[in-house]
Amino acid sequence: MASLNFSDIQGFVLSSYATKMPCANYLLLKVTDVKACKAWLGSIIPQITTGTDRKNDFSLNIAFCATAFRSFGFTEADMISFSAAFQEGMITETRRQIMGDTGNNKPDNWTWGNDKRGVDILLLLFAIDETELKKKLTALEAGILESGGVEVVQSLPAGRQPDSKEHFGFLDGIGQPTIEGTGQKERQLTRTGHATELKAGEFVLGYENEMQKIDPLPAIAGAPEFGKNGTYLVFRQIEQHVHRFWNYVKETAITINAQAGVADQDKLAAKMVGRWKSGAPLAEYPDADPAPTGTNEENNFGFAANDQSGAKCPIGAHIRRTNPRDSLFDDPKMSTLTVRRHRIIRRGRSYGHRTEDVYTDDREERGLHFICINSNIERQFEFTQQTWVNNLNFAALDHETDPLVGQRDPNSMFSIQGCPARTRIHNLPDFVTIKGGAYFFMPGMAALLELVKER
Ligand code: HEM
């Protein structure tokens, strides 16, 4: 087993800080003067939280777009060692097609990360409470202003809801792989009854991955191990149309059964997610939520032996598309092995106020700052998005995409497999809209020091 260099790895790679630090803010910055920016960076680096820091009140982490590296003097010979997706950025034609960022989701409509409002650097702030967050944010913003080298393009507040539910009302953050060599496995086992422990190289560059290989290590002139202990960070600001989701669910439940009540709506919504609002998996609890007023983080289940047909958890449900577990192919072992190569660790948080009245459009924006880390953007995040979430023929389905977050086409459908017959619902509207996004690289601590050097 690889021995990880925790003091060189940024703390965010190893932890979401969600338990101790529920309040967060993301600062998206643009480089305006390289020399001044490097001087400012030099002052920030000592504040960055590493994998050995045991912070309880505040954590700070940092990541960079390819545009930042280029402005810092990285040559194309340096850049070529990074992932192609990272080099290109999220908004090229190729990436738009892979992501499904068309129609309402097209980058021209975004509030950041597009040609009009490009970003170079991401600062991630996490704090024990809003007071601490405000204090640290104010100090950082003052330093940014003084630096004369960077400016704030967007400041994005975020937070973990006290009940850990995302805006549609479902418990979030359950299905996560753990990183070998970190001790996360034991904690995950205790919490969810299951742990998918993956090779460190899936999430930390420079170590062996699930293919017994090491993903290409970014190397720059003078620093051949620049990428070591770094990772790629994917950021997508996803607006959630809560009223649209629940009105669609209500109307559709009534179309299926004129007598449908709240319990039927909740069941239909759960079929779309693959878990009940409490988090309980449909594969284990197909008929009713076993914890209607509590939480259930059970994660010790597969679909192959228990639910190959999708009669419990529909084949196209969000959790089954994003982690098909043992049901991708006929051979469950082969399926599990393949799926292990396409996992991401989600580190996002909700933004905006929660609405109590889920049927009324209060015209407030709310959603998920979807953030994930992976060593290989193409094989992990983009694969999940393109080949599973947005694939019209995922697992032999026909003309369906992820019912929660999939790209829609005019006949968007969702099949709920069942006995004696399946139910098919139609004309799913967009329940989410992409508002911004970018690919970042989160370097190790030694690489951060390389960045401030003159090139
Ligand atoms: C607003 C957007 C989204 C919402 C509201 C949402 C919501 C959820 C919920 C409620 C769960 C089940 C609880 C859990 O296991 O954590 C879940 C699981 C998951 N989601 Fe999403 N999600 C969103 C976007 C995405 C996107 C864009 C991706 C990847 C492309 C993704 C990947 C995953 C994965 C990998 C899981 C875990 C599946 C498992 O291991 O069982 N999600 N999501």
Side-chain angles (χ1 to χ4, degrees), residues 16 18 90 98-101 105 158 160-161 163-178 188 191-196 198 202 234-242 244-246 269-284 295-303 313 317-327 336 339-340 342-352 354 365-374 377-391 394 401-407 430-435 437:
S16 68
M90 201 177 264
I98 289 174
M99 224 80 70
D101 288 341
N105 295 318
R160 191 180 63 82
Q161 301 287 344
D163 58 7
S164 295
K165 291 193 174 171
E166 50 70 45
H167 285 298
F168 293 138
F170 292 81
L171 190 71
D172 203 2
I174 307 168
Q176 298 271 50
T178 60
Q188 185 85 326
R191 196 164 65 87
T192 70
H194 168 85
T196 300
L198 300 182
E202 291 294 309
V234 178
F235 194 149
R236 311 258 293 161
Q237 180 176 344
I238 309 181
E239 180 180 4
Q240 292 175 254
H241 307 293
V242 175
R244 205 182 284 167
F245 177 77
W246 281 105
K271 289 276 186 187
M272 292 158 88
V273 175
R275 289 185 182 269
W276 296 96
K277 282 179 176 170
S278 69
L282 264 75
E284 294 294 304
T295 60
N296 179 319
E297 297 189 281
E298 276 180 64
N299 203 23
N300 190 19
F301 62 92
F303 303 112
C313 175
H318 179 64
I319 71 153
R320 198 156 169 172
R321 278 186 182 258
T322 52
N323 181 10
R325 300 174 188 236
D326 56 0
S327 68
T336 306
V339 169
R340 287 170 70 89
H342 303 290
R343 299 301 309 278
I344 52 177
I345 294 182
R346 293 169 296 142
R347 293 248 186 269
R349 298 200 180 191
S350 289
Y351 71 93
R354 174 171 292 176
E365 188 181 325
R366 53 179 61 81
L368 178 72
H369 287 311
F370 174 90
I371 295 178
C372 75
I373 56 161
N374 47 195
I377 299 176
E378 292 89 337
R379 175 169 61 80
Q380 293 168 274
F381 169 70
E382 285 190 346
F383 183 94
T384 306
Q385 176 78 10
Q386 183 181 32
T387 312
W388 291 344
V389 166
N390 277 336
N391 182 353
F394 172 80
T401 60
D402 186 302
L404 219 52
V405 299
Q407 183 186 25
D430 282 318
F431 298 129
V432 299
T433 304
I434 307 300
K435 303 295 280 194

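Just so you know, ligand 1 is whichever comes first in the structure, and atom 1 is the first atom listed for that ligand. Residues: numbered from 1 along the sequence shown. Because the structure is predicted, anything quoted here is derived from the model rather than measured.
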**Q.** Atoms in ligand 1 with a heavy atom of R343 nearer than 4.0 Å
**A.** 40 (O)
Q | Trace of the side-chain contact (heavy atoms from CB on, under 4.5 Å) decision for Q176 with Q188 | A | CA-CA 9 Å; Q176 298 271 50; Q188 185 85 326; 3.9 Å; yes
Q.
Heavy-atom distances under 4.0 Å decide this one: backbone, side chain, both or neither, for R346 against ligand 1?
A. side chain
Q | Numbered atoms of ligand 1 (with element) below 4.0 Å of R275, judged on heavy atoms | A | 12 (C), 13 (C), 15 (O)
Q. Please state which protein non-hydrogen atom is closest to atom 9 (C) of ligand 1 and give its distance, to 0.1 Å?
A. D172 OD1, 3.7 Å
Q. What atoms in ligand 1 come closer than 4.0 Å to a heavy atom of E166?
A. 5 (C)
Q. Are D163 and R354 close enough for a salt bridge, meaning some N to O gap below 4.0 Å?
A. yes
Q. Side-chain contact, heavy-atom cut-off 4.5 Å: E378 with F383?
A. no
**Q.** Under the side chain to side chain donor-acceptor pair (under 3.5 Å) test, residues paired with R366 that sit two or more places apart
**A.** D362
Q: Output the list of atoms in ligand 1 that are nearer than 4.0 Å to some heavy atom of F170, sorted by atom number.
A: 10 (C)
Q. What atoms in ligand 1 come closer than 4.0 Å to a heavy atom of G173?
A. 14 (C), 16 (O)
Q. Among pairs that include at least one residue of residues 270-283, which meet side chain to side chain donor-acceptor pair (under 3.5 Å), considering only residues two or more places apart or in two chains?
A. D266-K277, R275-N299, S278-D289
Q. At the 4.0 Å heavy-atom cut-off, does G367 count as touching ligand 1?
A. no
(Q) Tell me the protein heavy atom at minimum distance from atom 12 (C) of ligand 1, and give that distance in Å. (A) I319 CG2, 3.7 Å
**Q.** Winner among I434, L171, V405, T384 once heavy atoms are compared against atom 24 (C) of ligand 1
**A.** V405
Q | N-O pairing of D172 and R346 below 4.0 Å | A | yes
Q. Backbone N or O of F303 within a donor-acceptor pair of the D326 side chain at under 3.5 Å?
A. yes
Q. Which residue supplies the protein heavy atom nearest to atom 4 (C) of ligand 1, what is that atom called, and how far is it?
A. L368 CD2, 4.1 Å
Q | Heavy atom of the protein closest to atom 26 (C) of ligand 1 (residue, atom name, distance) | A | F370 CE1, 3.4 Å
Q: Of all the heavy-atom pairs spanning M90 and F235, show the shortest one and how long it is.
A: CE-O, 3.6 Å
Q.
Using a 4.0 Å cut-off to any heavy atom of F381, which atoms of ligand 1 qualify?
A. 30 (C)
**Q.** Which residue and heavy atom of the protein sit nearest atom 40 (O) of ligand 1, plus the separation
**A.** N323 ND2, 2.9 Å
Q) Got an N/O contact under 3.5 Å between F168 and ligand 1? A) no
Q.
Rounded at 0.5 Å granularity, tell me how far SG in C313 sits from CD1 in I319.
A. 5.0 Å
Q) Do N391 side-chain atoms and T387 backbone N/O form a donor-acceptor pair below 3.5 Å? A) yes
**Q.** Close-contact set for ligand 1 against I238 heavy atoms, below 4.0 Å
**A.** 1 (C)
Q: For R160 and S350, indicate whether the former's side chain and the latter's backbone hold a donor-acceptor pair under 3.5 Å.
A: no
Q) Nearest to atom 20 (N) of ligand 1, what protein heavy atom do you find, and at what distance? A) H318 NE2, 3.0 Å
Q: List the closest protein heavy-atom neighbour of atom 15 (O) of ligand 1: residue, atom name, distance to the nearest 0.1 Å.
A: G175 N, 2.9 Å
Q: Check whether any side-chain N or O of R347 sits under 3.5 Å from a backbone N or O of I373 as a donor-acceptor pair, and report yes or no.
A: no
Q | Shortest protein contact, atom 34 (C) of ligand 1 (heavy atom only) | A | T322 OG1, 3.3 Å
Q) Does H167 have a heavy atom less than 4.0 Å from any atom of ligand 1? A) no
Q. Which atoms from ligand 1 have a heavy atom of R325 less than 4.0 Å away?
A. 39 (C), 40 (O), 41 (O)
